[in-house]
Amino acid sequence: MAPTRQNIEAERARLGMTKSEMCKELDITMKTYLSYIRGAAIPSTVLVKLRKLTGKTIDYLLDMETT
């Protein structure tokens, strides 16, 4: 089973954005966004948009960052 992407959801909430607003910023559908959150592969173009939008590293957004 693919890991969930809790950090993307946490950043969306931190920014005060709805899921619909996040989808609009990323130029994707809600279905696509939800599939990313559930662990589907995210294209590099979307990852770059997420990084720019949140100011966080891609490793953090994908829950791959270690402390």
Side-chain angles (χ1 to χ4, degrees):
M1 177 184 279
T4 59
R5 309 257 170 64
Q6 296 175 347
N7 290 345
I8 293 173
E9 274 292 273
E11 289 304 308
R12 179 189 61 75
R14 182 184 65 82
L15 293 168
M17 298 176 77
T18 65
K19 289 178 183 169
S20 293
E21 290 168 334
M22 180 69 97
C23 291
K24 186 174 182 178
E25 286 292 321
L26 299 175
D27 195 28
I28 59 175
T29 66
M30 180 68 73
K31 182 177 178 180
T32 299
Y33 178 76
L34 294 175
S35 72
Y36 293 163
I37 297 305
R38 292 182 186 119
I42 303 174
S44 59
T45 54
V46 176
L47 287 172
V48 169
K49 288 178 186 180
L50 274 168
R51 184 187 58 76
K52 289 179 181 178
L53 182 65
T54 65
K56 302 293 182 178
T57 66
I58 291 172
D59 282 351
Y60 169 79
L61 292 168
L62 297 179
D63 300 315
M64 297 173 66
E65 200 169 78
T66 58
T67 55

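The chain is numbered in sequence order, starting from 1.
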For this session: Drop me the distance from L50's CG to T57's OG1, to the nearest 0.5 angstrom.
Result: 11.5 Å
Problem set entry | Exercise: identify the closest heavy-atom pair between D63 and R5 | OD2-CA, 3.0 Å
Exercise. What's the verdict on side-chain contact (heavy atoms from CB on, under 4.5 Å) for M17 and L53, showing C-alpha distance, side-chain angles and the deciding distance?
Worked result: CA-CA 11 Å; M17 298 176 77; L53 182 65; 4.2 Å; yes
Exercise. Under a 4.5 Å side-chain heavy-atom rule over Ile, Leu, Val, Met, Phe, Trp and Tyr, are M64 and V48 clustered together?
Worked result: no
Seminar exercise, completed: Note: I8 and M22 closest approach over all heavy atoms is O-CE, 4.4 Å
Problem set entry | With sequence neighbours excluded, residues passing salt bridge (charged side-chain N to carboxylate O under 4.0 Å, His left out) with R51 | none
For this session: First locate atom CD1 of I37, then atom CE of M30, and finally report the distance between them rounded to the nearest 0.5 Å.
Result: 10.5 Å
Exercise. Excluding sequence neighbours, so at least two apart, what forms side-chain contact (heavy atoms from CB on, under 4.5 Å) with T18?
Worked result: S20, E21
Exercise. Which value, rounded to the nearest 0.5 Å, describes the distance between L34 atom CG and E9 atom CD?
Worked result: 8.0 Å
For this session: Please assess K49 against K52 for the test side-chain contact (heavy atoms from CB on, under 4.5 Å), listing each intermediate value before the final yes or no.
Result: CA-CA 5 Å; K49 288 178 186 180; K52 289 179 181 178; 5.9 Å; no
Problem set entry | Closest non-hydrogen atom pair, N7 against Y60 | ND2-O, 2.6 Å
For this session: Can you sort out the partners of E25 under side-chain hydrogen bond (donor to acceptor under 3.5 Å, both in side chains), two or more places apart, ordered by chain and number?
Result: none
For this session: List the atom of Y36, the atom of A41, and the distance in Å for their closest heavy-atom pair.
Result: CE2-O, 3.3 Å
